[in-house]
Number of protein chains: 4
Amino acid sequence: MGKLIVGIVGTSSASKHVIQVAEKLGRLIVDNGYRIISGGLTGVMEAVSRGGQKSENHTNGDIIGILPGLLKTDANKYVDIIIPTGFGYARNLIIVNTADVVIAVAGGSGTLSEIAFAWQFQKPIIALDFEPSQSLVEKIKLLSHSDFKKSKGWSSIIGGLCLDETRTDTIFSAENPEECISIIKTIFRNGLK
Amino acid sequence: MGKLIVGIVGTSSASKHVIQVAEKLGRLIVDNGYRIISGGLTGVMEAVSRGGQKSENHTNGDIIGILPGLLKTDANKYVDIIIPTGFGYARNLIIVNTADVVIAVAGGSGTLSEIAFAWQFQKPIIALDFEPSQSLVEKIKLLSHSDFKKSKGWSSIIGGLCLDETRTDTIFSAENPEECISIIKTIFRNGLK
Amino acid sequence: MGKLIVGIVGTSSASKHVIQVAEKLGRLIVDNGYRIISGGLTGVMEAVSRGGQKSENHTNGDIIGILPGLLKTDANKYVDIIIPTGFGYARNLIIVNTADVVIAVAGGSGTLSEIAFAWQFQKPIIALDFEPSQSLVEKIKLLSHSDFKKSKGWSSIIGGLCLDETRTDTIFSAENPEECISIIKTIFRNGLK
Amino acid sequence: MGKLIVGIVGTSSASKHVIQVAEKLGRLIVDNGYRIISGGLTGVMEAVSRGGQKSENHTNGDIIGILPGLLKTDANKYVDIIIPTGFGYARNLIIVNTADVVIAVAGGSGTLSEIAFAWQFQKPIIALDFEPSQSLVEKIKLLSHSDFKKSKGWSSIIGGLCLDETRTDTIFSAENPEECISIIKTIFRNGLK
């Protein structure tokens, strides 16, 4: 029986705070007996993989990286299983579809595309909200060029929304890694579907 | 020298009004000497292809359909060149990257993923706004499950926004097909880049 | 109604003689009202596209190039419709599956993979034999490292063979472009299937 | 540090003898501390995965299956990490490129395409020869429709050959699973490259 696989989508260039949160998230995922799948590169992908390696529960094989290119050496050094696809951004679909649940951590347009694919593939989605005190209207206003740098990325915006009428649920919003784990436990309390 | 290629992304199940707009858009694109590339299936994809066929300027080869599956018979009957990929939703990336400019027509999560990829691929994006009188805040409020059916889709929401800090422009908003053509002419007034 | 599409698979680095044959083949294909699809790069792909352009029957849109990378500028200058996939060698599957019939022109391991995929996709395959006077046994002997340079490539080897038991036909063998066209006309004498 | 990954390519419908050999091969691969990657379906893919599970050295995560479709339930029950791609036959490229060494076990046109891609990707290739006493010329003669069923598949044919001039080595030929392992140990005696 395979382990539950948590897909992490997020920016390759992240702030120090986002990196710290991603690393903690990675450790908690492996602590709880799940695997991590990500894009295998830098930023959030590297932090979450490093966190997974630090878990006392880590087994070689728990951390999977699906690379856009053909070179295994492009992967960050914390990935156990490096899968170089050569399919460019299309590898995003493999990450999302392999995952049993997807967590978005900050992120720009690449992360937005992965969230949209996760929605299409009927995957539960959890968005880490780095600015829970701000209203959706205020956040949306930041989506103009001059203000985007003040934004905390799509994971802080998209929680609570639905992307179209094909699903009856909404994207989960979590304020921290612990809440992500708690949501996963609730979703899969009856085991893998 | 190749013709300019306009990528159309939009829902397979569209309202009558959206279909009429899409058909008109298709006709205008071919009237102006451009090619159309789309997902080659039903709904907006079929309407825009049918419109292109109706143009007096139409040449066999102007209308390209990039299919998710392997069967050419899945294409709508207005496509001149059917390209069956067998790559599923990953074919969305080919549509968007082949296009010189992308127009979003209504659309759910699939269209949102294509808009996000178009942004990543540095393509100019035009979003058809079917509800220009409504404010962004009002539209965003519809992105909750109970109200989504009242929404006119992502193309009415995303115009004017930027998706991340990698680009200094924003997504164009157009209220009708004529305005789409006018924007394209402005973007490419100096020829294909 | 779309035109019949002829897929050309072959080496990017070809001898002068192979290039001449490929160019003639391209011209004949378009003379006969068919489209050409290839990998859009150099060598055989460029020669066959150039030949197609030289046909008096050529219409803009007859020559399609499916690129491995994301840059349209990688295409040779004779391609009418450039489709940059970003999927690397996986674009070979799109070429072969879009074609109604596949012609192999010389070729190494890349061409061999395309022939194998064409077989899987149930496409008729024609192999140009540049050494028809040599026996299969003699040709196979050249498939050892020291002699491979003397080989005329896989298209001279594979004609007449079957690749597995899933099909009841064999790969056609043709000695020149005229014979390729003649075989195509026989296969499709009742129209596109 | 990741484990060495052995890619297995072979038919989904294999004879009883081929299945037995594949299962033994799978067990030996995991006995020696390597991972297995395959297409995750039936036949050779299932047998090699089942063999890997039977190794006393097996750790959850050692057996990876890269599926053509989107459904995890398509995988055989011996795969630890199921990766559903939705890319059809294009998933073959991922298998081959993720592997550090590729072993062909019998096989038809699909296996031939994977061998050709492994050659392009510069991977060492080992072909299991199920009929070592037969000459290459005799084997090639079976590659005609009426006799193909008597053939033992491409892995019995292709050992010792080179596929084009881009590489200076040839495909290894092995008569049994033990010899495959022995060849792998020789190739990687200085560690993963």
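Letters A, B, ... are given to chains in the order of the sequence lines, protein chains preceding strands, and every chain is numbered from 1. Treat the numbers as computed from the prediction; the structure is a model and nothing was measured.
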So A:I37 and D:I81, do their side chains get closer than 4.5 Å, heavy atoms only?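 In short, these two side chains do not touch, never coming nearer than 4.5 Å.
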Check your understanding: Would you say the side chain of D:R35 lies within less than 4.5 Å of the side chain of A:N60, judging by non-hydrogen atoms?
Key -> yes
Side chain from CB out, backbone as N, CA, C, O: work out which of these in [X] comes under 4.5 Å of a heavy atom of chain D, or both, or neither.
X: A:I63; value: neither
X: A:L67; value: neither
X: A:I82; value: backbone
X: A:F121; value: side chain

* **A:I94, A:I5, A:N97 screened by side chain to side chain contact (heavy atoms under 4.5 Å, CB included) with D:I83, the one that passes** =>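 Between D:I83 and the candidates, side chain to side chain contact (heavy atoms under 4.5 Å, CB included) is satisfied uniquely by A:I94.
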Whatever's closer than 4.5 Å to a heavy atom in chain A on D:F87 counts as side chain
Verify the neighbour count for atom CD of D:E138: are there more than 12 heavy atoms of other residues, nucleotides or ligands below 6.0 Å?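 For D:E138, atom CD is crowded (more than 12 foreign heavy atoms under 6.0 Å).
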- Is the number of heavy atoms from other residues, nucleotides or ligands under 6.0 Å of A:K152 NZ greater than 12? no
Q. Charged N to carboxylate O under 4.0 angstrom, A:K72 versus D:D100?
A. yes
* Asked: Who among D:D62, D:L93, D:T85 has the most heavy-atom pairs with chain A under 4.5 Å?
  ->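 Answer, by heavy-atom pair count under 4.5 Å with chain A: D:T85.
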